Every structure is written in C-alpha cells, then in structure tokens.
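Comments concern the structure below.
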Amino acid sequence: MTATEYLNALLASQTLEEDSQELKDLRTRRDEIEAVLRKEFGTSPKIRYAGSYAKGTLVKEAYDLDIVCYFPRDDADVGDTLQQIYEKVRKTLEKAYSVEAKPSAIRVKSREQVDFHVDVIPGRFIDEKTDDVFLYRSAGEKQRLKTNIEKHVAHVKDSGATDAIRIMKLWKTRNGVTTLKTFVLELLAIEVLKGSKAAVPDQVITALTKLRDEPEKIKIEDPANPSGNDLSELWNDSVRSVASTVAGSSLATIKSGGLEAAFGKLPEEKKDSVAKVEALRQAARVVPVPTRPWCR
Amino acid sequence: MKRDYEVDLNKLRVELAARYPNLQLYTGDGGPILRGSLPIEHAGREIDRFFVEIDLRTLCTRELPAVRETAGRIPHETRRHVNAKDGTACVCIPADYFVQHPGPFDVMAFLDGPVMSYFIGQALVEQGDTWPQGEWGHGADGLVQWGRKFFGCASRDEVLRFLEIMAVREMKGHLVCPCGSGVRIRKCHVSQLRLLREQLTPDRARNLLEQIKQQGRSAL
C-alpha cells in the first residue's frame, strides 16, 4: 500500500457517511438542541452548523460539532450585551443538559458527563447586510470577537488542502496536542501549504517539518477579521514549543516506521458487534499481567 | 540516587516512541504527563482507540499514576470504574499492582498491563459484554475481596487481622497468628507471612487497612 493509499484509507475511515448511524445521531442531537433553543427563543436566532462540518474537514474521532445561534441585531429580548446573550443561551441549555462554559462557546454534555462533542456558539449579527457576527469572549483582552462563518468556510474550502488539514487534525487529537486550537491548526496548515500541489503525504510531511523546525515563521491571521482578531495568544511561544516537540516526535516515528507507525494501523473493516467483541477478547488475552478494574 | 518512584524521562520517551507513538510526554511546571491516544489492535488492525491522559506526577506520593479518558466517552460512574468526583479511572487495586510489580515503578509495564486491560474492558462493556478478567467490588468490598484472595482467607475480619500483622514495622514471633489458630506466629505461619511481607510492604498494608476501615465506617 502506498503512502497516498494509506492516508486515503485513513481519511475514508474518518468520514461520516451519509447513511451512517453516527451522522443520523449527530443530526438528531442537533435537532434536539435546536428544539431546546427554539422553545426559548422562537424563530429569532439563526441556528446552523459551523466549524468542520460546514468546512468539510470533519474527522470522526476528532470532531466537535459547532452549532451557531446568532441573533439579529435588533432582537432586544435576548439581551443588550453579548455577555447577556451568552448567559441566556447557556442557562437555556442547562435546563436540558450539563454544560461547560468555554470562552465563546458552550459545551453540551449529558447529565452523566458524557461529552456530546457539541459546542453551541451564541452571537449577534453586526448588521442586516453581512454575515459578520460579534461573539462574546470571556477570556483575553477583548470581550468580543468579530467573526464570519462564510469567510472561514471559504478560506478552508478554497485552500486546496482539506485532506492534509484533516490528517493534521487527526495528528493533533491522537497526540494530545490540546493547547493548539483546531482553528489555529487549520490556519497554520493553509499557510504552510499555500499553493502546494503536492500529494497529501508530502503535504503532511511538509506541515510537520515546518512545525518542528520553524514554527515562529508561520504567520497566521483570522480571515474573518484579519486586523481586528489577535491570534497571538493562540499561537504563542508555549504553544509553538509543544507543537514543535510533538511534530518532531511524529517525524522521527515516520522516519523509522512510516506513516502507519505515526498515525496508527488502519481500522478493521466494518464488523458487527459479535465480531468486535471476539477481536477485543483476543486482544485482552495477550495483555501481560492483566488486572481487574476497581472503584474507590 | 534514583528513587523507586522517579521516572527516567529520556528513557521513557524512547520507549513510548517505539511502543506507544501516540502517547506524548508533556513536561511542565507540575511534572510529567502522558497525553494522547491508545490504540487497541488485533491481527494487524486497529479495533478501537481511547484518548487518555496519564498523570505521572502522582508517583512522587507513591500512588499509581492518575489515568483519565479524555474524550468524554466513558460515563463517570462507579459501575464503569470511573470516579464520579474527579473522572479518574480505577484501572486496578493499587496494592494488587504493587504486589505483582515490585521494585521501581515501570511506566511501560503499567501501560501494557492495567491501562490496556482497563480500556479493552471498557470497549467490551460498551458492546454489552463483560470485563475479561472480572471486576473487583467497589470501595472496601473490592479491597476485602482482594485481601481474601491474597491471604487465602475467608472473611473480612481475617483480612483485617492479616493486614494488621503486615502493617507492623517489625513482625514479632510472639504475636498471635492472623490465621485464627490462636497459636503464636513463630509456631504457625511465620514463613508464609514473611514471604507475604516481601510482596506487600508495611506502608501499603497500612494504607489498605485504613481504606477498608474508613470506607467501612462511611458505609454505616
């Protein structure tokens, strides 16, 4: 199997098929959340997918479904300030779910803390003419952020690097590079691979090499608000250092064992539960000195 | 002098790169943490993958590393062997681990054994199957179960008697044997107890004793 075939197979395994139960569950979850929000806010907000789902860069094991909840400029009922809008949406979601407040988004989980991987992002349109939106920001110097989903989606879709971006997302998640935000990783990959017509394996190696060797030379800006949104804290010395170290570790693994060593063996062909159980039991049999779980 | 709970980080990095290339060693002000993912493989294919964090900082207090599943996949419930309070995974009874792995702490053996056992078990439970090695009971019940197996005794009281002997700094022959015979240790199970004390140190025995007694009081 060539490197390209391997990465294509890996990407295929990370794609949510249209008829897959996972996608159906995702849509069901989105519909449920929308119903909770509509019950409170009626038809006022625009509720739609954003993030990787909209950009076509979703990877199964590394996705967070972003659902935006944007209110019209003239909706006075939801609140005067962005913070009030954020809090009102958070409290509405709390009636039905367990929530975790993030700087601009609200993470939705079950009452037992099972993570749904859904972020609801409240915001307010700046005016009626554009898709520009203000979001509340609880961290950082500014209390608001200007963004635009359409510009982000176009920036990614037009980059010609969506497959490489997906592989890099998998790299980030599988290696626990949590301090590097996915949004920033996308911008980094697009910047490094600007104009590249290389095959995906070469693009991935290029991106990792740049991260390892010259992370400080990769300049990024927010396509929705290049002069206004300061991304320096999201791509600071500490984040660069971690990304560089892990990229170096991955490149060393690729050098000694190939892409499969760094990105993992391809998953089993779709098997039913009985077959999966048997495979897991076989895996359990070869654990040296196995143990039983306990709980305090 | 390297203490038995200190980890050679350079050596660990090399071992991880070879065996668990998606587990990265992150070092910061607080100390070393492993973060990334653990694939479960069989016949050259990946069956499943868990996203984990393994905190090695707890080693300095002679505790096992704190293990957490980070993708929010496993509910924080006792029946799933996850502490509801802090989300840590109860991969094994610590005393059981230390008895089976005496000597300096080996991170790779911990990953290969309890951690892998635990996550394979979780994957099986998700499929409606059972834990391959079984499960210890929760809290003090589990500790007593383990004690009964380790000491080969039948009751909670016997386990406590054995642990009290194991917990003393120096085992004196004139003490009554915990087996229940009424005979002094020197004329009863002295050799067996010495062997057991080599496996379960007085500190760990004391720790176990306190946990059983404390959890027993909480349960009342």
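Since we're looking at a predicted model, the values are computed, not measured. Lettering of chains follows the sequences in order, A, B, ..., and the numbering in each one begins at 1.
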Flag the one option from [options] with the top tally of heavy-atom pairs under 4.5 Å to chain B.
options	answer
A:Arg174, A:Lys276, A:Arg281, A:Arg285	A:Arg174
A:Val289, A:Leu280, A:Thr245, A:Val287	A:Leu280
A:Thr253, A:Leu266, A:Thr173, A:Thr178	A:Leu266
A:Lys265, A:His117, A:Arg296, A:Lys172	A:Lys265
A:Ser273, A:Ala262, A:Gly257	A:Ser273

Per-residue contact mode, [X] against chain A (heavy atom under 4.5 angstrom):
X	result
B:Pro75	both
B:Ile93	both
B:Gln127	both
B:Leu143	both

Determine whether B:Glu158 and B:Phe151 satisfy the following criterion, side-chain contact (heavy atoms from CB on, under 4.5 Å), listing intermediate values before the conclusion. CA-CA 9 Å; B:Glu158 279 182 80; B:Phe151 297 119; over 6 Å; no
Can you say whether [X] sits under 4.5 Å from chain B via the side chain, the backbone, both, or neither, judging by heavy atoms?
X	value
A:Ala261	backbone
A:Ala279	both
A:Val242	side chain
A:Phe263	backbone
A:Glu260	neither
A:Ser256	neither

Any idea how B:Tyr97 and B:Phe110 line up, ring-wise: parallel (<30°), tilted (30 to 60°), or perpendicular (>60°)?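 It falls in the perpendicular class, over 60°.
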Is the closest side-chain donor-acceptor distance between B:Thr88 and B:Arg68 under 3.5 Å?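 Short answer, no.
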Residue, of [options], that accumulates the most heavy atom pairs under 4.5 Å with chain A:
options	result
B:His101, B:His76, B:Glu41, B:Met116	B:Glu41
B:Gly72, B:Ala17, B:Cys90	B:Cys90
B:Val82, B:Asp96, B:Asp141, B:Asn83	B:Asn83
B:Ala89, B:Ala109, B:Gly44	B:Gly44

Short question: side chain of [X], backbone of [Y] - any donor-acceptor pair under 3.5 Å?
X	Y	result
B:Asp106	B:Met108	yes
A:Asn175	A:Val177	no
B:Thr201	B:Arg197	no
A:Asn236	A:Glu233	yes

At their closest point, which heavy atom of A:Lys169 faces which heavy atom of A:Thr182, and how far apart are they?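 Closest pair (atom of A:Lys169, atom of A:Thr182, distance): CE-CG2, 3.6 Å.
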Answer yes or no: is there a side-chain heavy-atom contact under 4.5 Å between B:Arg204 and B:Leu208?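 Heavy-atom side-chain distance check fails, nothing below 4.5 Å.
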For B:His81 and B:Trp131, I'd like to know if the aromatic rings sit close, meaning centre-to-centre distance below 6.0 Å.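 When the ring centroids of B:His81 and B:Trp131 are compared, they turn out to be within the sub-6.0 Å range.
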For side-chain contact (heavy atoms from CB on, under 4.5 Å), just list the numbers for B:Leu64 and B:Phe105, CA-CA rounded to whole Å, side-chain angles, deciding distance to a tenth of an Å, and then say yes or no. CA-CA 9 Å; B:Leu64 287 179; B:Phe105 187 81; 3.7 Å; yes
Value rounded to 0.5 Å, distance of CZ in B:Arg13 from OG1 in B:Thr27: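 Nearest 0.5 Å value for the CZ-OG1 distance: 5.5 Å.
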